[in-house]
There are 2 protein chains.
Amino acid sequence: MGTFRLARRLRAEKSDDDLSDGQFSVLAALFTHGPHTLSSLAERERVSAPSMNRTVGFLEELGYLTRVTDSEDKRRVTITLTPSGTDTVKATVKKRDAWLTHALKALSPEDRATIADAAAIMQRMAER
Amino acid sequence: MGTFRLARRLRAEKSDDDLSDGQFSVLAALFTHGPHTLSSLAERERVSAPSMNRTVGFLEELGYLTRVTDSEDKRRVTITLTPSGTDTVKATVKKRDAWLTHALKALSPEDRATIADAAAIMQRMAER
DNA sequence: CGTAACTCATTACCCTCGCTAACTATTCCC
DNA sequence: GGGAATAGTTAGCGAGGGTAATGAGTTACG
């Protein structure tokens with residue numbers, strides 16, 4: 001179960017970010033997959049709706065996203081990245097890559113390729 | 001950052017266990033690496049001493065391990081798996097493997113090999 | 001057409017598990 | 001012998017997850 005330990009390690013590494021993993025992950029999802037409703041976000045991140053609601057609320061306060069109630073179905077709320085949110089995603093990706101790329105540089109090209117392949121496979125597994 | 005999502009997925013999958021990841025991880029460490037002191041366990045799991053202390057306390061209450069103060073250095077405490085703890089490790093490993101092996105069976109042998117290699121590399125990275 | 005059932009978001013509250021700070025007991029060393 | 005260092009522990013905080021309950025809006029149907 002070294003995966004958990006690596007996750008903890010990664011988490012520790014980006015420490016002086018203002019955003020937690022879950023928070024950033026939401027911004028990233030909005031960035032790569034466009035606007036979502038609350039529940040679709042919750043489902044995508046495999047988290048309960050109330051949890052996602054809190055995360056979204058936090059990100060809204062920071063001005064990274066906006067909630068707009070749908071005009072057709074007023075129960076629904078459309079969550080969209082603000083320009084500031086988009087900037088943050090780009091900046092954070094860059095920052096986070098720093099440690100990883102540093103760590104990856106210490107590996108052989110073969111190892112790097114292995115990691116990349118495995119990442120793709122894991123992605124598919126997680127989305128199953 | 002699909003790694004976090006996979007970790008969450010794995011976590012969800014073993015849900016009706018009585019042990020959390022961290023708790024099980026401690027038992028597994030004792031199982032594979034033998035008795036530890038509190039601080040060595042904390043360091044191995046990359047967790048603070050108080051956190052590890054709580055986890056160990058919990059596992060002690062369940063009768064999975066014992067604390068014995070060292071006779072030479074009475075500050076130190078030796079933490080050892082009980083037979084019940086050993087059984088639990090074996091049983092839990094078996095149970096946890098179920099979902100993973102199921103998921104892995106859906107992959108091609110090449111993919112499985114990739115995952116295995118990557119796991120080894122990640123292990124090394126996490127322990128750096 | 002009106003009401004019952006359902007759906008989406010939200011609020012209230014709790015639990016787990018991480019942390020730091022502070023304390024105790026023991027050992028080290030001068 | 002007494003101060004510094006070390007191992008474990010206790011106390012208390014915060015982040016982030018969960019479930020239950022509520023409110024508002026929509027849909028189904030008698």
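Owing to the predicted nature of the structure, the values given are computational and were not obtained by experimental measurement. Order of the sequence lines fixes the chain letters, A, B, ..., with proteins taken first and strands second; residue numbering starts at 1 for each chain.
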- Length of the line joining A:Glu45:CD and D:dG17:C1', which is rounded to integer Å: 14 Å
- Task: With heavy atoms under 4.0 Å as the rule, sort B:Asp73 into base, sugar-phosphate or nothing.
- Result: sugar-phosphate
- Under 3.5 Å: donor-acceptor pair, side chain of B:Thr88, backbone of B:Ser84: yes
- Query: Among the nucleotides C:dC19, D:dG17, D:dA7, which one has an atom lying closest to any side-chain atom of B:Val47?
  - Reply: C:dC19
- Note on the structure: When rounded to whole Å, the CD to P distance for the pair A:Glu43 and C:dA9 reads 12 Å
- Task: Using atom types as modelled and distance alone, determine if a side-chain donor or acceptor of B:Gln23 lies under 3.5 Å from a backbone N or O of B:Ser20.
- Result: yes
- Rounded to whole angstroms, how far apart are NZ on B:Lys74 and P on C:dC28? 11 Å
- Query: Under 3.5 Å, side chain of A:Glu61 to main-chain N/O of A:Phe58, donor-acceptor pair present?
  - Reply: no
- Is there a donor on the side chain of A:Arg54 or the base of D:dG16 sitting less than 3.5 Å from an acceptor on the other? yes
- Query: Does D:dA15 have OP1 or OP2 sitting under 4.0 Å from an N or O in the side chain of A:Ser20?
  - Reply: no
- Rounded to whole Å, the CG-P distance (B:Leu41 to D:dT9) equals 11 Å
- Note on the structure: Checking D:dG8, C:dT10, D:dG17 against the side chain of B:Leu38 (C-beta onward), the nearest is D:dG8
- Task: Whole angstrom is fine here: how far is it from CG in A:Asn53 over to C1' in D:dG16?
- Result: 14 Å
- Item | Interatomic distance, B:Glu60 CD vs D:dT10 P [rounded to whole Å] | 10 Å
- Message: If you go through the side-chain atoms of A:Arg75, does one of them form a donor-acceptor pair with the base of D:dT26 closer than 3.5 Å?
- Response: no
- Item | Which nucleotide in D:dG8, C:dC19, D:dG17 has an atom nearest any side-chain atom of B:Arg76 | D:dG8
- Query: For B:Gln23 and C:dC17, what is the distance between atoms CD and C1' respectively, to the nearest whole Å?
  - Reply: 9 Å
- Message: Under 4.0 Å, heavy atoms only, any strand: does B:Thr37 hit a base, just the sugar-phosphate, or nothing?
- Response: sugar-phosphate
- Using a heavy-atom cut-off of under 4.0 Å over every strand shown, decide if B:Ser39 touches base, sugar-phosphate, or nothing. sugar-phosphate
- Task: Round to a whole Å and report the spacing from CG of B:Asp21 to P of D:dG16.
- Result: 18 Å
- Would you find a donor on one side and an acceptor on the other, under 3.5 Å apart, between the side chain of A:Thr82 and the backbone of A:Gly63? yes
- Task: Could you check if a side-chain atom of A:Val26 sits within less than 4.5 angstrom of a side-chain atom of A:Tyr64, using non-hydrogen atoms only?
- Result: no
- Task: Look at the side-chain N and O atoms of A:Ser51 and state whether any lies under 4.0 Å from the OP1 or OP2 oxygen of D:dG18.
- Result: yes
